[in-house]
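Sequence lines set the chain letters: A, B, ... in the order given, protein chains first and strands last, and positions in each chain run from 1. From a predicted model like this one, the values you see are computed outputs, not experimental measurements.
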Amino acid sequence: MDLKLLHDWNVTPQEAVALQNSLRERLVLRAPSGLRVSRVAGADISTERGNDTGYGAFVVLDAESLAPVSQQGAEAPLGFPYVPGLLSFRELPVLAAAWMRLESAPDLLVFDGQGTAHPRRMGIACHGGLLFGVPSIGCAKSLLVGSHGPLGEERGATAEIRHRGEVIGMAVRTRRGVSPVYVSPGHLMDLPTAVEWVLRLSPRYREPETTRHAHRLVNVLRRQAHGGLQGDVCGQWGRAWSP
DNA sequence: GCGACAG
DNA sequence: ATCTTGTCGC
């Protein structure tokens with residue numbers, strides 16, 4: 001797939017902040033009327049300590065059955081440090097490489113991180129949505145900024161995430177008895193629709209199936225590129241080779 | 001100035 | 001995010 005030419009990725013943290021403030025004006029925080037989603041993809045990356053190599057991937061699922069229909073991964077130097085608030089500058093380059101290998105674009109993208117629930121309202125889901133030109137949602141495991149009140153224990157319970165007087169996202173309980181996930185729109189998306197999709201994509205576990213599949217794939221890519229022939233071969237052969 | 005801080 | 005074994009609970 002192709003992607004938008006937004007800006008240079010070889011930037012300093014200071015320049016990255018300026019870019020976020022500029023890119024924010026291009027965001028469309030409204031879901032396209034009559035949005036039809038038949039293919040939804042999850043994106044994620046993994047890396048190793050003391051190494052700048054990153055492994056990124058997209059796993060596309062059938063929106064109805066949530067069964068994987070295609071996937072693509074890539075390996076590349078991350079080239080940007082992890083700085084709270086600038087995650088997209090570290091993760092999007094390698095994801096862009098994987099994106100270009102996809103045969104067709106999914107109708108919706110789910111990122112492992114924030115959308116508008118970000119200090120400058122430009123989390124990785126917003127940046128990624130603009131880069132790939134697809135409706136996107138941010139679904140994070142923890143908060144970056146903002147706070148929320150208590151929410152019910154039942155699956156589907158929600159609580160608004162507020163920051164500086166604005167509602168920037170929603171804490172969503174995707175499963176009873178587990179901590180909530182933090183949902184916010186990325187691009188071409190609104191909060192209610194984002195919450196609705198995250199719940200639909202998380203019928204059984206805390207995190208969306210999209211995120212779970214992408215997370216599993218990038219870890220397989222990292223391990224097989226690194227060495228260790230473990231992980232899934234173990235499941236088929238048990239410990240047959242062990243003494 | 002101090003503490004917080006997606007992955 | 002990653003480093004790591006066992007362990008508590010449904």
Side-chain angles (χ1 to χ4, degrees), chain A residues 9 13 16-17 20 23-24 42-58 73-96 98 109-129 131 136-148 153-155 161-164 168-172 174-187 194 198 204-208 210-228 230-231 234 239:
Chain A
W9 290 99
V17 170
Q20 292 183 321
L23 291 169
R24 184 177 55 230
D44 195 21
I45 77 154
S46 80
T47 184
E48 298 179 329
R49 58 171 183 176
N51 189 10
D52 190 53
T53 304
Y55 302 84
F58 284 95
E75 175 183 340
L78 294 176
F80 195 93
Y82 167 67
V83 178
L86 300 180
L87 182 67
S88 61
F89 288 86
R90 177 177 174 76
E91 305 197 343
L92 288 183
V94 65
L95 282 177
L109 280 175
V110 178
F111 288 84
D112 189 4
Q114 318 291 350
T116 57
H118 176 281
R120 289 170 294 282
R121 312 296 183 257
M122 269 297 295
I124 189 171
C126 300
H127 203 161
L131 178 63
S136 59
I137 294 170
C139 181
K141 298 180 291 300
S142 62
L143 281 177
L144 173 58
V145 294
S147 60
H148 64 80
E153 284 300 310
E154 75 283 7
R155 168 186 151 76
I161 300 171
R162 290 199 174 79
H163 180 59
R164 297 183 179 179
I168 59 176
M170 199 82 90
V172 181
T174 53
R175 182 179 178 177
R176 191 180 190 91
V178 303
S179 49
V181 289
Y182 304 95
V183 182
S184 57
H187 179 46
V198 166
R204 183 172 180 185
Y205 300 101
R206 181 195 180 209
E207 297 194 79
T210 40
T211 299
R212 287 163 44 74
H213 277 97
H215 195 275
R216 184 201 309 149
L217 177 56
V218 294
N219 279 316
V220 167
L221 292 178
R222 176 168 58 80
R223 290 167 190 161
Q224 73 183 190
H226 189 275
Q230 31 201 295
C234 230
R239 297 177 181 246

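Checked against side-chain contact (heavy atoms from CB on, under 4.5 Å), A:P93 has the following partners two or more places apart in sequence or in another chain: A:W9. Considering only residues two or more places apart in sequence or on other chains, A:R120 meets the side-chain hydrogen bond (donor to acceptor under 3.5 Å, both in side chains) condition with A:Q20. In this structure, A:S147 has no side-chain hydrogen bond (donor to acceptor under 3.5 Å, both in side chains) partners at least two apart in sequence or on a different chain. With sequence neighbours left out, the side-chain contact (heavy atoms from CB on, under 4.5 Å) criterion links A:S184 to A:Q114, A:T116, A:A117. A:R222 meets the side-chain contact (heavy atoms from CB on, under 4.5 Å) test with A:S46, A:E48, A:Y55, A:N219; sequence neighbours excluded. Under the side-chain contact (heavy atoms from CB on, under 4.5 Å) criterion, A:H163 pairs with A:R121, A:V145, A:I168, sequence neighbours left out.
Residue A:L86 is classed as a base contact, given a heavy-atom separation below 4.0 Å to a base. Contact annotation for A:G177: no contact, since no heavy-atom pair falls under 4.0 Å across all strands.
Note on A:R216 versus A:D44: no salt bridge recorded, every NZ/NE/NH1/NH2 to OD/OE distance being 4.0 Å or above.
For the atom pair SG of A:C139 and CZ of A:F111, the computed distance is 12.5 Å after rounding to the nearest 0.5 Å. The distance from the CZ atom of A:R162 to the CE atom of A:M170 is 9.5 Å, given to the nearest 0.5 Å. The OG1 atom of A:T47 sits 6.5 Å away from the CG atom of A:D52 when rounded to the nearest 0.5 Å. With rounding to the nearest 0.5 angstrom, the CG atom of A:L92 is 9.5 Å from the CD1 atom of A:I45.
Judged by distance alone, the side chain of A:R206 and the main-chain N or O of A:P180 form a donor-acceptor pair under 3.5 Å. Without hydrogens or angle criteria, A:R155 side chain to A:T174 main chain gives a donor-acceptor distance under 3.5 Å.
Extent of DNA chain B lying under 4.0 Å from chain A heavy atoms, first and last nucleotide in 5' to 3' order, is B:dC5 to B:dG7.
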- prompt: Dot-bracket for DNA chain B, 5' to 3', counting Watson-Crick or G-U wobble pairs under 3.5 Å, with [ ] for crossing pairs and | for inter-strand pairs?
  reply: .......
statement: For DNA chain C, the expected dot-bracket line (Watson-Crick or G-U under 3.5 Å, [ ] crossing, | inter-strand) is ..........
Under 3.5 Å, which donor-acceptor pairs link side chains of residues 75-91 of chain A to any protein atom two or more places apart or in another chain?
from: A:S88; atom 1: OG; to: A:H127; atom 2: ND1; distance (Å): 2.8
from: A:R90; atom 1: NH1; to: A:F80; atom 2: O; distance (Å): 2.7

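Across A:A98 and A:A74, no two heavy atoms sit closer than the pair N-CB, 3.6 Å.
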Check nucleotides 8-10 of chain C against the protein and report each pair of N or O atoms closer than 3.5 Å, with its distance, or say if there are none.
none

- request: Encode nucleotides 1-6 of chain C as B, S and - characters from 5' to 3', where the letter depends on protein heavy atoms closer than 4.0 Å: B to the base, S only to sugar-phosphate, - to neither.
  value: SSSS--
